Structures are given as structure tokens and as C-alpha cells.
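Let me begin by presenting the structure, written as C-alpha cells, before commenting on it.
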Amino acid sequence: MKVLVKADILGRNENAAAENAALLARHGIYVLNLLGSPGAGKTTLLERTLAALSGELRIAVVEGDLFTDKDAARIERCGAPVVQINTSGGCHLDAAMVAAAFAQLDLTALDLIVIENVGNLVCPAEFALGEDAKAVVLSVTEGDDKPLKYPLIFKESAAALLNKCDLLPYTDFDMAAARRDIAALHPGIAVLPVSARTEDGMAQWLAWLRAAVAAKRKGGAHER
């Protein structure tokens with residue numbers, strides 16, 4: 001019976017996600033679902049991304065958190081339109097929540113929407129939101145064992161950003177092992193070592209994102 005309940009929940013979410021995808025396709029907007037643990041550096045990465053692409057791409061952000069609007073306030077200071085979603089304890093965003101957020105944005109004036117999902121390596125990977133792709137942020141301070149411990153999020157993501165690389169000398173993180181495990185889980189995934197704080201590796205991430213947006217504009221398929 002539990003399996004049937006879960007199947008029903010996921011089925012309804014998939015229908016709502018398909019409606020979201022169709023809406024964004026009509027506007028030619030690329031949507032990225034950004035995933036990762038609390039403290040992985042998702043919001044800092046977003047701040048750096050917005051600063052780098054300001055004036056080049058029209059970007060809005062949907063912020064998902066259990067409580068508070070602290071991250072949304074940070075994004076707003078970057079000058080980007082932002083909609084806050086508080087789940088009040090829920091461990092992930094769902095497609096209906098995101099649809100309500102999209103309704104608050106001017107979709108005629110956007111090239112890219114980034115959805116910063118609730119900090120969690122498990123639940124968000126199971127729920128489609130109508131996005132074009134998922135990207136997962138893994139901080140080197142979390143350990144190189146996380147891809148094999150939480151495989152679904154890496155299997156579902158088109159890009160894996162290994163963040164806080166400036167802290168590598170102070171950790172036991174094995175970069176080669178992490179890259180090998182991620183590639184084994186998802187052959188062809190873009191694995192991008194970065195430091196959002198120092199901006200090392202950001203050029204490669206920005207190039208990946210630009211290519212994704214350009215492919216959506218042309219009606220093509222970016223590497224997923």
C-alpha cells in the first residue's frame with residue numbers, strides 16, 4: 001500500500017512537472033535545478049554566477065528553504081528577480097510549489113531560471129520540477145565518499161560541481177576517487193572542480209551554463 005501511495009504522489013508530481021516544462025519551453029527559458037547539502041555553497045555559487053553573467057543573460061532564481069528568506073535576500077542584493085519558497089519542514093521542492101513561483105515571474109523577460117532546492121542529498125533528486133537539467137554541488141569538506149553513499153542525485157544530475165576546492169589542503173578529500181565514482185555512476189556527467197569563494201574553476205562552470213542556455217534557445221539538447 002505504501003508503494004501505491006508513493007507512486008500516486010510521484011505520478012501527480014510528474015504531471016505538474018510536465019506542465020512546467022511545457023510552459024518554460026514556450027518561452028525558451030532554460031531551467032536548472034541546483035541541488036546539494038546544506039552548506040555545500042550553492043548560494044555563494046549562485047551569487048558568483050549572477051555577478052559573472054549580469055548583462056549577458058536575464059536570470060531569475062527560485063529559492064527553496066525550510067524556513068527564513070536569508071538566501072533569497074542574498075540573491076536579491078545581486079539584482080536578480082527571486083521568489084522564496086518555504087517548505088516549513090519539507091525536505092524538497094515539488095512541481096506544484098515551483099509552478100506557483102513561476103507565476104510570480106515575468107517569463108517574457110528571462111533566459112534562465114535557477115531553482116536552488118532545499119539542502120538535501122536524498123529527497124530533491126526524486127522529484128522532477130520541469131527543469132531542463134539538475135546540477136549537484138558537493139563540497140570537498142563533505143568527503144569523497146558521498147557519491148557512492150547518495151548515488152541517485154549524481155545519476156540524475158547533468159553536472160557535478162566539486163566546490164570549496166580552496167580547502168583541499170585541509171581535508172582528506174580524494175579528488176581522483178570522487179571523479180572516478182561520479183563518472184562510474186553517470187558516464188558523461190560534467191565534473192567541475194570549483195571554488196565559489198575564490199572563483200577558481202568558475203570559467204568552466206559558466207561555459208557549461210552558457211552552452212545549456214544557448215542550446216535551449218536553438219531548440220537543441222545540451223549534454224545531460
Side-chain angles (χ1 to χ4, degrees), residues 4-38 40 42-47 49-50 53-54 57-137 152-153 156-159 209 212-213 216-217 222 224:
L4 292 175
V5 169
K6 183 175 181 180
D8 183 54
I9 291 171
L10 290 174
R12 282 188 278 113
N13 184 78
E14 287 290 338
N15 291 337
E19 292 177 4
N20 287 345
L23 172 67
L24 278 301
R26 289 197 297 273
H27 290 278
I29 301 171
Y30 186 84
V31 182
L32 182 73
N33 186 1
L34 190 64
L35 311 174
S37 297
K42 299 186 297 299
T43 308
T44 301
L45 179 77
L46 261 178
E47 290 174 319
T49 301
L50 290 168
L53 298 178
S54 176
L57 296 176
R58 301 168 299 171
I59 308 172
V61 175
V62 175
E63 277 290 343
D65 273 306
L66 277 71
F67 303 98
T68 84
D69 62 354
K70 289 182 179 293
D71 288 348
R74 289 171 60 182
I75 296 302
E76 192 171 35
R77 287 194 291 270
C78 296
V82 57
V83 179
Q84 176 72 55
I85 301 175
N86 289 125
T87 64
S88 300
C91 63
H92 63 87
L93 298 179
D94 64 31
M97 295 175 188
V98 170
F102 288 165
Q104 299 180 54
L105 295 170
D106 180 2
L107 300 181
T108 66
L110 294 174
D111 304 304
L112 168 65
I113 298 175
V114 180
I115 302 166
E116 183 178 351
N117 216 313
V118 177
N120 192 312
L121 284 176
V122 183
C123 307
E126 296 186 10
F127 285 80
L129 304 178
E131 72 270 29
D132 290 280
K134 296 179 177 69
V136 58
V137 181
L152 181 62
I153 202 166
E156 291 289 320
S157 294
L209 199 51
V213 174
K216 182 67 175 282
R217 283 173 174 166
H222 186 54
R224 294 175 68 95

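No hydrogens, no waters, no symmetry mates; every other heavy atom, side chains included, goes into these values. Just so you know, these numbers come straight off a predicted model, no measurement behind them.
Under the 4.5 Å side-chain criterion, counting only non-hydrogen atoms from C-beta, Phe127 is not in contact with Asn33. Using a 4.5 Å heavy-atom threshold, the side chains of Ile113 and Leu107 count as touching. Counting only heavy atoms from C-beta outward, the side chains of Asn120 and His92 never approach each other to under 4.5 Å. Considering only heavy atoms from C-beta on, Ile29 stays 4.5 Å or farther from Lys216 through its side chain. Side-chain contact check for Thr44 versus Glu47: some heavy-atom pair is nearer than 4.5 Å.
Of the candidates Lys70, Glu116, Arg74, Thr43 forms a side-chain hydrogen bond (donor to acceptor under 3.5 Å, both in side chains) with just one, namely Glu116.
Of the possible donor and acceptor atoms, one in the side chain of Asn117 sits under 3.5 Å from a partner among the backbone N and O of Leu93. For Asn13 (side chain) and Asp94 (main-chain N/O), no donor-acceptor pair under 3.5 Å exists by modelled atom type. With Gln84 contributing its side chain and Glu63 its backbone, the two residues share a donor-acceptor pair below 3.5 Å. In this structure a side-chain-to-backbone donor-acceptor pair under 3.5 Å is missing from Asn86 to Ser88. Between the side chain of Lys42 and the main chain of Gly36, a donor-acceptor pair closer than 3.5 Å is present.
In this structure, the separation between CG on Leu110 and CZ on Arg58 is 6.5 Å, given to the nearest 0.5 Å. The CD1 atom of Ile59 lies 7.0 Å from the CG atom of Leu209; values are rounded to the nearest 0.5 Å. One finds the CG atom of Asn15 at 11.0 Å from the CG atom of Asn20 (value rounded to the nearest 0.5 Å). With rounding to the nearest 0.5 angstrom, the CG atom of Leu24 is 12.5 Å from the CD atom of Glu19. The structure places CG of Leu66 at 12.5 Å from CD1 of Ile85, a figure rounded to the nearest 0.5 Å. Separating the CE atom in Met97 from the CD1 atom in Ile115 is a distance of 12.0 Å, to the nearest 0.5 Å.
Here the shortest heavy-atom pairing between Phe67 and Gly89 reads CZ-N, 3.9 Å. The two residues Ala133 and Ala158 have their closest heavy-atom pair at CB-CB, 3.9 Å. Between Ala17 and Ala95, the shortest heavy-atom contact is N-CB, 3.4 Å. Minimum interatomic distance between Pro81 and Leu105 (heavy atoms only, all atoms of both residues): CB-CD2, 4.1 Å. Contact record, Leu35 with Pro124: CD2-CB, 3.7 Å, taken as the closest heavy-atom pair. The minimum heavy-atom distance linking Ala135 with Ser157 is given by the pair C-OG, 4.0 Å.
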Please assess Phe102 against Val83 for the test side-chain contact (heavy atoms from CB on, under 4.5 Å), listing each intermediate value before the final yes or no.
CA-CA 8 Å; Phe102 288 165; Val83 179; over 6 Å; no

